[in-house]
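Order of appearance sets the numbers: ligands from 1, and atoms from 1 within every ligand.
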Amino acid sequence: MKLWGGRFSKSTAKLVDQFNASIYFDKKLYKYDILGSIAHAKMLGKCNIISQEESFQIIDSLKEILEEIESGIIEFKIEYEDIHMNIEKVLTDKIGSLGKKLHTARSRNDQVAVDIRLYLKEEIADICGLIKNLLVTLLNLSTENIDTIMPGYTHLQRAQPITLGYHLMAYFQMFKRDYLRLMDCLDRMDFLPLGAGALAGTNYDTDREFIANQLGFTGICHNSLDAVSDRDFIIEFLSASSIIMMHLSRFCEELIIWSSSEFSFVEMDDSFSTGSSIMPQKKNPDVAELIRGKTGRVYGNLFNILTIMKSLPLAYNKDMQEDKPLLFDTVDNLKPCLIIFSDMISTMKVNKSNMKSAIKSGFMNATDVADYLVKKGLPFRSAHEVVGKMVLYCIQNNINIEDLSIEDFKSFSPSFQDDIKEKVEIESCIESKVSQGSTSTQNVSIMIEKGKKFIETL
Ligand code: ARG
């Protein structure tokens with residue numbers, strides 16, 4: 001008979017058993033379910049809801065079950081529906097009717113909620129560790145490439161010269177925010193739902209603070225109806241994960257473009273590339289493409305849970321069982337993406353000379369020439385117009401701004417003086433970016449130093 005079978009006169013259809021069961025996926029929560037139950041049993045003993053002796057016996061048996069699951073002895077069964085009832089069944093098989101006392105003052109609704117929170121708290125800590133590794137990789141790469149000159153783009157059109165170190169430090173800021181976002185999400189979800197009962201609280205004088213303490217939560221969820229209905233913490237986590245994947249995906253997109261023959265800015269290591277089954281010459285950036293692709297999958301999971309939750313009346317509805325596959329899928333995809341991405345960029349080869357030659361065309365020093373004129377007293381708009389005309393002249397004559405002679409410069413504006421020739425050199429364009437947070441070596445060094453300090457706080 002089912003653990004809840006008392007009021008039924010017929011057993012459930014086989015198909016319904018299969019359809020209703022979540023053991024296929026929620027078995028992943030066995031450890032958290034047992035930890036939650038141990039804390040609950042301790043509290044029941046402490047509050048004299050069961051005897052101390054009974055509490056000890058239940059706890060010992062639960063610890064035994066944990067070991068048995070880990071050694072693969074226990075076989076979960078669809079007929080017991082989910083991880084909670086499977087474990088309870090094993091417990092009752094072991095210690096008889098005493099096992100049936102464990103479910104006093106709780107329901108599966110608060111039980112599943114605490115299991116997911118415990119699982120996610122651990123996973124977030126793990127993911128933050130992976131982001132930290134990625135941040136360190138970015139700091140190292142930026143330091144190595146602090147003077148690697150490359151074109152900066154807007155509209156994917158060459159815009160202004162920057163350095164690769166600067167470009168990488170832009171991603172450092174994004175992943176730093178991602179780290180903080182996850183920490184924030186962790187803080188908000190760090191409250192215990194267990195003890196909420198099905199929805200209304202329970203008829204027992206329990207000590208939920210005690211359980212919170214045992215399980216390492218900051219406090220308890222203050223409203224029991226909210227405690228069992230809330231899945232915000234999953235949505236927040238999926239939303240933070242989507243943002244991380246979006247950042248990884250943008251970066252991957254750039255690496256894919258940069259590895260094309262048209263760009264040849266970088267080359268992925270052979271160990272992070274794949275070949276073609278038909279074209280012998282091919283070396284494909286599959287890893288970066290897969291991360292980009294998996295981003296869609298994580299976004300899908302976010303929309304999945306948002307849609308599941310949007311019309312659910314309070315409190316628990318079985319729809320909520322569907323939260324787990326998409327949560328697990330997100331964690332199981334996000335973690336390898338973070339690891340492999342960090343390894344991929346730390347092994348890629350940077351073609352510094354190709355990056356630098358790409359600066360030659362595209363008039364990337366045009367803004368610097370306009371700024372030169374502003375320093376000589378022209379209003380910016382007039383300077384913009386003068387340089388626009390110079391660019392047109394260069395296009396018509398198929399030359400670059402730096403190819404113009406001093407006389408040429410002066411013919412466009414009398415404000416040009418001999419020093420313009422050195423000011424249009426690319427290195428000088430980069431080093432003259434003196435505003436805080438700019439691409440000059442000095443400013444990027446400051447960013448790297450701040451980045452290192454941030455890492456030390458983690
Ligand atoms: N397997 C269920 C889930 O994952 C556990 C909660 C069941 N609660 C209930 N009232 N049927 O959501």
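- Residue contacts with ligand 1 for His84 involve side-chain atoms from C-beta outward but no N, CA, C or O (heavy atoms, distance under 4.0 Å).
- A 4.5 Å side-chain heavy-atom check between Phe25 and Gln321 finds at least one atom pair inside the cut-off.
- Ligand-side atoms of ligand 1 in range of Ser22: 1 (N), range being under 4.0 angstrom from any heavy atom.
- Which parts of ligand 1 touch Asp82 is read off a 4.0 Å heavy-atom cut-off, strictly below it: atoms 1 (N), 2 (C), 5 (C).
- Atom 10 (N) of ligand 1 has Asn109 OD1, 2.9 Å as its closest protein atom, hydrogens excluded (heavy atom only).
- The backbone N or O of Ile257 lies less than 3.5 Å from a partner atom in the side chain of Ser260, making a donor-acceptor pair.
- Scanning all protein heavy atoms for the shortest distance to atom 6 (C) of ligand 1 gives Tyr316 OH, 3.5 Å.
- By the 3.5 Å distance cut-off applied to N or O atoms, Gln321 is counted among the residues near ligand 1.
- When heavy-atom distances to ligand 1 are checked against a 4.0 Å cut-off, Lys324 comes that close only through its side chain, counted from C-beta outward.
- Between Gln111 and Arg108 there is a side-chain heavy-atom pair separated by less than 4.5 Å.
- Checked by distance only, ligand 1 and Glu81 stay at 3.5 Å or farther apart across all their nitrogen or oxygen atoms.
- Within the cation-pi definition used here (under 6.0 Å to the ring centroid, within 45° of the axis), Lys121 qualifies as a partner of Phe217.
- The pair Glu456-Lys453 does not meet the salt-bridge criterion, since no charged nitrogen lies less than 4.0 angstrom from a carboxylate oxygen.
- With respect to Glu70 and Lys31, no salt bridge is recorded, no charged nitrogen being found less than 4.0 Å from a carboxylate O.
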